[in-house]
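First comes the structure, then the notes that go with it.
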Amino acid sequence: MGQKSLIYAFVSRGTVVLAEYTEFSGNFNTIAFQCLQKLPSSNNKFTYNCDSHTFNFLVDNGFTYCVVADETAGRQVPIAFLERVKDDFVSKYGASDKAGANAAANSLNKEFG
């Protein structure tokens with residue numbers, strides 16, 4: 001990620017985080033996971049604001065893509081980032097016969113994180 005505007009990202013199947021990445025320290029991963037547990041399972045985009053950060057979620061076909069961003073990044077950059085992550089993840093892991101459907105928690109960090 002490198003930029004200060006995008007702070008933390010993860011991909012989950014339901015509430016099981018499969019891969020996550022950050023270059024920063026803070027409690028944003030805990031808050032993002034709490035938000036994840038409350039998200040509806042329907043395909044949609046959601047943004048929550050907390051402590052000058054946005055918690056952006058893209059739910060699609062049982063997978064959730066999340067990025068925590070600085071509020072100054074707006075909404076367009078984080079959502080575009082999530083669309084790109086989704087496309088990359090689906091092409092590599094997304095089909096039911098691929099790793100994404102059966103991966104254990106955090107098991108894709110090395111490959112996809």
Side-chain angles (χ1 to χ4, degrees):
M1 272 181 281
Q3 319 175 39
K4 176 75 170 115
S5 60
L6 302 178
I7 298 167
Y8 169 73
F10 72 71
V11 177
S12 72
R13 183 186 62 248
T15 59
V16 177
V17 175
L18 304 175
E20 62 184 333
Y21 181 79
T22 188
E23 294 178 351
F24 303 97
S25 61
N27 68 342
F28 37 79
N29 57 343
T30 302
I31 296 168
F33 187 71
Q34 289 171 352
C35 292
L36 173 66
Q37 293 176 318
K38 297 176 182 181
L39 286 178
S41 60
S42 59
N43 292 354
N44 213 332
K45 298 172 187 166
F46 305 92
T47 300
Y48 301 100
N49 295 322
C50 181
D51 294 334
S52 300
H53 295 94
T54 59
F55 293 75
N56 305 274
F57 296 88
L58 171 61
V59 181
D60 187 72
N61 294 322
F63 292 96
T64 300
Y65 308 88
C66 171
V67 65
V68 178
D70 190 275
E71 266 184 345
T72 59
R75 190 161 188 255
Q76 187 175 359
V77 170
I79 294 298
F81 174 81
L82 291 178
E83 292 285 355
R84 173 68 188 270
V85 169
K86 180 190 82 155
D87 291 346
D88 290 351
F89 186 84
V90 168
S91 70
K92 192 165 187 177
Y93 304 109
S96 60
D97 62 333
K98 292 187 179 179
N102 301 307
N106 295 308
S107 65
L108 302 180
N109 274 351
K110 188 173 182 178
E111 290 180 43
F112 196 74

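Everything numeric in this text was worked out from a predicted model, so none of it was measured. One is the number of the first residue; the rest follow in order along the sequence.
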Using every non-hydrogen atom in the two residues, find where A69 and L6 come nearest and quote the distance to one decimal. CB-CD2, 3.9 Å
State, to 0.1 Å, how close A73 and P78 come at their nearest heavy-atom pair, and which atoms those are. O-CD, 4.0 Å
So F63 and L18, side chain to side chain contact (heavy atoms under 4.5 Å, CB included) or not? Walk me through it. CA-CA 10 Å; F63 292 96; L18 304 175; 3.9 Å; yes
Run V85 and V11 through side chain to side chain contact (heavy atoms under 4.5 Å, CB included) and show every step you take. CA-CA 8 Å; V85 169; V11 177; 3.9 Å; yes
[atom1]-[atom2] distance between [X] and [Y], expressed to the nearest 0.5 angstrom:
X   : Y   : atom1 : atom2 : answer
T54 : N49 : OG1   : CG    : 6.5 Å
C50 : Q34 : SG    : CD    : 9.0 Å
F89 : R84 : CZ    : CZ    : 15.0 Å
T15 : Q37 : OG1   : CD    : 6.0 Å
T64 : L82 : OG1   : CG    : 10.5 Å

Heavy-atom side-chain proximity of [X] to [Y] below 4.5 angstrom:
X   : Y   : answer
N44 : F46 : yes
S12 : L36 : yes
Y48 : L39 : yes

Indicate the ring-plane relationship of H53 and F55, choosing parallel, tilted or perpendicular according to the 30° and 60° boundaries. perpendicular
Between N56 and T47, a side-chain donor and acceptor under 3.5 Å: yes
Mind running side chain to side chain contact (heavy atoms under 4.5 Å, CB included) on T22 and F28 for me, showing each step along the way? CA-CA 10 Å; T22 188; F28 37 79; 3.7 Å; yes
D88 bridged to K92 by N-O distance under 4.0 Å: no
Could you tell me if the ring centre of F57 sits under 6.0 Å from that of Y65? no
Ring pair (Phe, Tyr, Trp, His ring centres under 6.0 Å) assessment of Y21 paired with Y8: CA-CA 6 Å; Y21 181 79; Y8 169 73; 9.1 Å; no
